[in-house]
Number of protein chains: 2
Amino acid sequence: MATADRLERLIVDECGSCCDGDVDALIADLNAVCDRARTDRTPTAAALFDALSAETRLDIVRLLVAAEDELCVCELEPLVDVSDSAVSHALSTLTDAGLVERRKEGRWRYYRPTERAAALLAAVDGEADGTAGGAAE
Amino acid sequence: MATADRLERLIVDECGSCCDGDVDALIADLNAVCDRARTDRTPTAAALFDALSAETRLDIVRLLVAAEDELCVCELEPLVDVSDSAVSHALSTLTDAGLVERRKEGRWRYYRPTERAAALLAAVDGEADGTAGGAAE
DNA sequence: TATTCATTTGAACAGTTGTTCATTCGTTGG
DNA sequence: CCAACGAATGAACAACTGTTCAAATGAATA
């Protein structure tokens with residue numbers, strides 16, 4: 001396997017030599033790193049990041065966090081630069097991702113952000129606080 | 001404008017009536033929300049979320065954080081399920097986003113995560129700590 | 001029941017993205 | 001200089017995504 005050969009040359013470059021078993025030891029180290037890395041959480045986490053990676057959706061989350069009250073589609077629509085259909089699509093995606101919650105009242109639908117959304121927003125803006133409480137599953 | 005009409009009906013539904021100026025007041029409130037929302041930070045933040053929205057890239061960041069040492073492409077490649085070219089592309093994207101840093105040494109390139117990457121990972125995993133230090137603009 | 005309304009949903013389109021393959025770039029050593 | 005090597009880069013392709021338009025829901029009202 002080419003991978004092992006390359007790892008062997010890496011060890012030689014780093015340590016000057018490579019004894020029998022050194023490659024296996026490095027591979028064991030790497031597997032230990034992999035175990036600690038919690039890659040099983042990646043699908044869930046990537047879905048959250050993905051939901052926040054579109055500017056329209058991120059703007060909506062920002063607006064919901066900034067408003068200290070729930071907002072409905074018709075209040076959000078004039079604040080972002082897309083059609084109300086696009087706002088609805090965005091809110092649907094955010095709801096599926098667990099970043100906003102919806103309340104129905106008559107013909108109106110009120111949206112508010114979850115704590116997870118606020119925590120991610122704080123993290124990306126570089127704020128070091130921990131408004132996140134003991135959130136989530 | 002249809003937007004203002006809808007806002008007027010919203011006020012009527014919420015308060016029972018809508019006096020002259022109420023719509024303008026609501027619009028003013030919404031604009032104030034928009035000001036507080038820091039939407040000017042959205043392009044930067046969305047780029048960060050976007051960089052972490054692909055499973056390969058997120059796995060790589062996890063691995064770099066879990067390793068308490070720098071890793072090179074040849075160490076990462078066996079831990080993720082793509083070609084080393086894809087790993088290199090992913091690292092390039094992450095570097096551009098400011099989520100990993102690169103160190104050159106001979107033929108090898110060593111990568112390590114930035115504090116911002118660690119902070120976002122902690123946030124998405126639901127940890128309420130603040131390893132992020134006083135980072136960033 | 002029929003109409004109006006706020007919102008949702010589905011289809012369709014252009015634009016974007018993650019991957020692999022092939023090539024190129026720097027570096028090391030003969 | 002030449003060959004070998006780790007890594008980066010570009011082209012190409014399939015897969016995906018955000019938007020709008022048009023139509024459908026479900027609730028209020030006449």
Side-chain angles (χ1 to χ4, degrees), chain A residues 2-14 16 42-43 46-47 49-61 70-78 80-97 100 102-111, chain B residues 2-14 16 18 42-43 46-47 49-61 70-78 80-97 100-111:
Chain A
T3 296
D5 291 344
R6 197 161 43 160
L7 290 178
E8 182 173 337
R9 285 187 289 266
L10 176 65
I11 295 171
V12 172
D13 265 27
E14 283 183 348
T42 287
F49 287 136
D50 195 42
L52 294 171
S53 69
E55 300 202 359
T56 297
R57 289 196 295 268
L58 185 50
D59 274 339
I60 287 173
V61 170
E70 313 169 299
L71 296 179
C72 61
V73 176
C74 69
E75 289 170 302
L76 286 165
E77 181 265 330
V80 297
D81 204 26
V82 293
S83 68
D84 46 1
S85 175
V87 172
S88 185
H89 276 296
L91 285 165
S92 174
T93 300
L94 290 168
T95 303
D96 290 348
V100 307
R102 186 174 63 172
R103 184 173 67 84
K104 301 184 185 184
E105 184 160 325
R107 285 187 283 237
W108 313 90
R109 302 289 139 68
Y110 292 93
Y111 288 90
Chain B
T3 294
D5 291 343
R6 196 161 45 162
L7 291 178
E8 181 173 338
R9 286 187 288 266
L10 175 65
I11 294 171
V12 172
D13 266 28
E14 284 182 348
C18 182
T42 286
F49 287 135
D50 194 43
L52 295 171
S53 69
E55 299 201 0
T56 297
R57 290 195 294 267
L58 184 50
D59 274 340
I60 288 174
V61 170
E70 312 169 301
L71 296 178
C72 61
V73 175
C74 68
E75 289 171 300
L76 286 165
E77 180 265 329
V80 296
D81 204 26
V82 293
S83 67
D84 48 0
S85 175
V87 173
S88 186
H89 276 295
L91 285 165
S92 174
T93 300
L94 289 167
T95 304
D96 289 347
V100 306
E101 284 170 350
R102 186 172 64 172
R103 185 173 67 84
K104 301 183 184 186
E105 182 159 328
R107 283 186 285 236
W108 313 88
R109 301 290 184 284
Y110 292 94
Y111 288 90

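Just so you know, these numbers use all the heavy atoms, side chains as well, and skip hydrogens, waters and symmetry mates. Convention: sequence-line order gives letters A, B, ...; per-chain numbering from 1.
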Out of C/dT7, D/dT17, D/dA8, whichever nucleotide has its closest atom nearest the side chain of B/Tyr111 | D/dA8
N/O donor-acceptor pair, side chain B/Ser85 with base C/dC21, under 3.5 angstrom = yes
Between C/dA6 atom P and A/Arg103 atom CZ, what is the distance in whole Å?
-> 17 Å
Base of C/dT19 and ring of B/His89 stacked, centres under 5.5 Å, planes under 30° | no
Which nucleotide sits closest to the side chain of A/Ser88: D/dA7, C/dT7, C/dT8?
-> C/dT8
Nearest-angstrom distance from the residue atom CG of A/Asp84 to C1' of D/dC21 = 11 Å
Indicate yes or no for a side-chain donor-acceptor contact from A/Ser53 to the backbone of A/Asp50 under 3.5 Å, with no hydrogens or angles considered.
-> yes
Taking D/dC21, D/dA8, D/dA7 as options, the one with an atom nearest any side-chain atom of B/Trp108 is D/dA7
Rounded distance [0.5 Å steps], CH2 in B/Trp108 versus CD in B/Glu75 | 8.5 Å
Heavy atoms under 4.0 Å, any strand shown: does B/Ala86 hit a base, just sugar-phosphate, or nothing?
-> base
Where the side chain of B/Arg109 is concerned, which of D/dG18, D/dA7, D/dC5 is the nearest nucleotide?
-> D/dA7
Compare side-chain N and O positions of A/Arg57 against OP1 and OP2 of D/dT17 and report whether any pair is under 4.0 Å apart.
-> no
Given DNA chain D, 5'-ward residue of the pair A/Thr56 and A/Gly106, judged by closest heavy atom = A/Thr56
Say you draw a straight line from CG of A/Asp96 to CG of A/Leu91; how long is it, rounded to the nearest 0.5 Å?
-> 11.0 Å
Looking at C/dG18, D/dC5, C/dT8, which one has an atom nearest to any side-chain atom of B/Arg107?
-> D/dC5
Under 4.0 angstrom, heavy atoms only, what part of the nucleic acid is B/Tyr110 near: base, sugar-phosphate, or nothing?
-> nothing
A/Leu52 CG to A/Leu94 CG distance, which is reported to the nearest 0.5 Å | 6.5 Å
Candidates C/dT7, C/dT9, D/dA7 - which lies nearest the side chain of B/Val73 | D/dA7
Would you mind telling me which of D/dA7, D/dA28, C/dT20 lies closest to the side-chain atoms of B/Ser83?
-> C/dT20
If each of A/Ala54 and A/Arg9 is mapped to the nucleotide of DNA chain D with the nearest heavy atom, which maps nearer the 5' terminus, i.e. the 5' end?
-> A/Arg9
So, are B/Asp13 and A/Arg107 salt-bridged, with charged N and O less than 4.0 Å apart?
-> no
